[in-house]
**Student:** 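I am attaching a structure below and will ask some questions about it afterwards.
Predicted model, so just to flag it, every value in this text is computed and none were measured. Because only heavy atoms are used, hydrogens play no part in the values below, and waters and symmetry mates are left out as well, while side chains stay in.
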There are 2 protein chains.
Amino acid sequence: MEAVSRTAATLDQVARAAGVSRATASRVFSGNLRVSEEARRAVESAATRLGYVANSAARSLAAGRSESVGVVVPEPGSGHFLDPLLSRLLRGIGEELSASGLQMVLFSPQSPADVQRLEQYLVGGHVDAVLMLALHESDTLPARLHARGIPMVFGGRPPQSQEVSFVDVDNHAGGRAATEHLIKQGRRRIAHIAGPDHSAAARARLAGFREAMWSAGLRSDFVDYGDLDRDGGELAMGRLLATADDIDAVFAASDAMAAGAMWALQVLGRRVPDDVAVIGFDDSPIASATRPPLSSVRQPVEDMGREMAKLAVSLSGVRDQSPRQMVLSPELSVRESTVASR
Amino acid sequence: MEAVSRTAATLDQVARAAGVSRATASRVFSGNLRVSEEARRAVESAATRLGYVANSAARSLAAGRSESVGVVVPEPGSGHFLDPLLSRLLRGIGEELSASGLQMVLFSPQSPADVQRLEQYLVGGHVDAVLMLALHESDTLPARLHARGIPMVFGGRPPQSQEVSFVDVDNHAGGRAATEHLIKQGRRRIAHIAGPDHSAAARARLAGFREAMWSAGLRSDFVDYGDLDRDGGELAMGRLLATADDIDAVFAASDAMAAGAMWALQVLGRRVPDDVAVIGFDDSPIASATRPPLSSVRQPVEDMGREMAKLAVSLSGVRDQSPRQMVLSPELSVRESTVASR
DNA sequence: GGTATCCATGGAAGCGGTTTCACGAACTGC
DNA sequence: GCAGTTCGTGAAACCGCTTCCATGGATACC
């Protein structure tokens, strides 16, 4: 390979070196069929020789598309359930986008000013599509993006779900699966530690729990609430035991709460899983670090990311953007906290 | 605000509406001082009226800088210690970049082909700077980026650390602090469960442990190794106890290993912290989910991200890019696993 | 053999900004 | 009052690529 000059080679130089016009060289890179085999070879060889890489700014400007997708992640500390899953999700998104040759531009607005700027940026047409990982208050965004014809895909079901495209995990099914697993293990007096009521995901998990219990003809009123973290789980467990001390299983809406619940049980001398089985949700690192290791519901977060990206890609550039939606099923990750000892 | 047309307003339209030339309008947005107060006001009002947002592709092309910074994160599954900290780190980076009006472009190359493409992309001058969160095999990258004058900042000390800029957490100091904390609690026979020897971070933590023990005149040879996950910790703890069953404290190089060690101890009837104190590293979610909650060493990961971004910004556009390095100190996060019961 | 069709190609006009340069008006200093 | 600055401004030349359009040679058809 020739010495790669300090300043990047341009299409013009490549074309000149290949003995063709800029237009033809451009066609080669855009995969245009209308190029002779001969010209194509000349251009390609010149390109490698010069170490040519297309200037994306110029390409975007000329072609009117940015070759990049914006990803908006929620601000932290909001106790959003997504947080621990974020890196898995981004991974899935990145994988799919990079397969399509798209760049991923990450936004994590902190202040209202950031949100404002972000909105301008997105509406300004600097990205070909937007993936939203949480509903920022900015409810105007969907409408404005839509008006500009910029596809937008939500991760997790947004409030006004009918109008927009989204990919979600089936929290209802997850809650049901967790509960059915406990029932199958012979448990009968099963409690649920639910997440905050304002969270749609938490409500769906609760509903799944209720449905499974009803179907099995069991009482479904051993329910308490926590704020998704460990202490919330511990407190809720205490309250539940005070109400009904013969509970034989607990399904918590998060692993952290499940860990807290386990603690509360063990402090009171209950053995897990022999006396009380415990199952969490998310299959986070916590699940394999508790004693005993925690059964959990694993959300297919990587798949979710991939599907979001796919959806965005298939939506962009299309005139008709009727919203599409997709719901992924979580699966059980069974560990020792729910299987009666050998 | 006027109806924002479907297609974004251009600088030209703004200039026309304000009754000035494109050049003057451009000066207003670039913060150029040479503009009369009158013209500035006219342009600004026209801009808000039309909902103008600069087209970043055009700006990049004309100005020769991309207003964006590439962030390369390690592929997953490699058991890299960064993984659980990733979202915190990205947060810090994003915060700082967005304050400078820069975009963050995320890369997570999976295949060798991805790495190849990435390298081309970065070298192609599409970003103003690069933040590397792990040493991909592609050792040629630093040199090539340097040749192009593209600043690059590593997160975590790279192998050949003298030549490049980086921000790292002081693992040595962290290891020392953890150990000294145990000593201060009156522990004397302290063991260390180290991470894999090929990891520089793991070696530094071990060195910190040794230094603290030597300084206190204590034996520092209760050392075993694990692969950073829970099972590794459990196994290592078993081996350590087989060697010396009167160990009264353990410092593990990761929270997961600490959790595993705690389990091993408790299975053998040791009480934590009464018989044996346990401390981890990373202050991950696991730390607050164990029973008892785990003391740990908290890495200032957000700060690390912020500093990396700052460094990149200050480096870009500067002719002389003599490498700068920065080492951040971790701090102790004390919980019940190391404080003798009340 | 002549005309219609096809196809690879090059010329050239943008895409939407930034920045150099020249210019006139308004200052300054003596 | 005049030369020398300073300052705001607009015209115009790019930045590197895509794409429309015209062209001309080769092929197809009758």
**Student:** Does B/Arg91 form a salt bridge (charged side-chain N to carboxylate O under 4.0 Å, His left out) with B/Glu302? I'd like the steps, not just the answer.
**Tutor:** CA-CA 7 Å; B/Arg91 198 90 61 193; B/Glu302 289 88 351; over 6 Å; no
**Student:** Could you go through nucleotides 22-25 of chain D and list every protein N or O atom that sits under 3.5 Å from one of its N or O atoms, giving the distance for each pair?
**Tutor:**
none

**Student:** Which value, rounded to the nearest 0.5 Å, describes the distance between B/Ser100 atom OG and B/Glu95 atom CD?
**Tutor:**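 Answer rounded to 0.5 Å: 11.5 Å.
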**Student:** Check whether B/His126 reaches the backbone of A/Val53 with its side chain - one donor and one acceptor, N or O, closer than 3.5 Å.
**Tutor:**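 No: the side chain of B/His126 does not pair with the backbone of A/Val53.
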**Student:** Hey, could you give me the CG/CG distance between A/Leu131 and A/Leu97, rounded to the nearest 0.5 Å?
**Tutor:**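 Result: 6.5 Å between the selected atoms.
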**Student:** If I take atom NE2 in residue A/His126 and atom P in nucleotide C/dG16, what distance separates them, rounded to the nearest angstrom?
**Tutor:**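 Those two atoms, NE2 and P, are 12 Å apart.
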**Student:** Between B/Glu37 and B/Leu61, which is nearer to the 5' end of DNA chain D once each is assigned its nearest nucleotide?
**Tutor:**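 Nearest-nucleotide comparison on DNA chain D picks B/Glu37.
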**Student:** N/O contacts under 3.5 Å, protein versus nucleotides 17-19 of chain D?
**Tutor:**
residue	atom	partner	partner atom	Å
D/dC17	OP1	A/Tyr52	OH	2.7
D/dC17	OP1	A/Asn55	N	3.4
D/dC17	OP2	A/Leu11	N	2.3
D/dC17	N4	A/Arg22	NH2	2.5
D/dT18	OP1	A/Arg59	NH1	2.8
D/dT18	OP2	A/Ser26	OG	2.5

**Student:** With heavy atoms under 4.0 Å as the rule, sort A/Ala57 into base, sugar-phosphate or nothing.
**Tutor:**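 Nothing, no heavy atom under 4.0 Å.
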**Student:** Separation of A/Glu38 atom CD from D/dA26 atom P, in whole Å?
**Tutor:**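 It works out to 13 Å between those atoms.
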**Student:** Given side chains that start at C-beta, do those of A/Val69 and A/Gln103 come closer than 4.5 Å, heavy atoms only?
**Tutor:**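 No, too far: nothing below the 4.5 Å cut-off.
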**Student:** Which heavy atom of B/Val127 sits nearest a heavy atom of B/Ile150, and at what distance?
**Tutor:**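 Answer, listing the atom of B/Val127 first, then B/Ile150: O-CG2, 4.2 Å.
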**Student:** Testing the basics here: between A/Leu102 and A/Ser68, what is the closest heavy-atom pair and its distance to 0.1 Å?
**Tutor:**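 That would be CD2-N, 4.2 Å.
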**Student:** Might you work through the salt bridge (charged side-chain N to carboxylate O under 4.0 Å, His left out) test for A/Glu307 and A/Lys310, ending with a clear yes or no?
**Tutor:** CA-CA 5 Å; A/Glu307 294 300 339; A/Lys310 260 189 215 160; 3.7 Å; yes
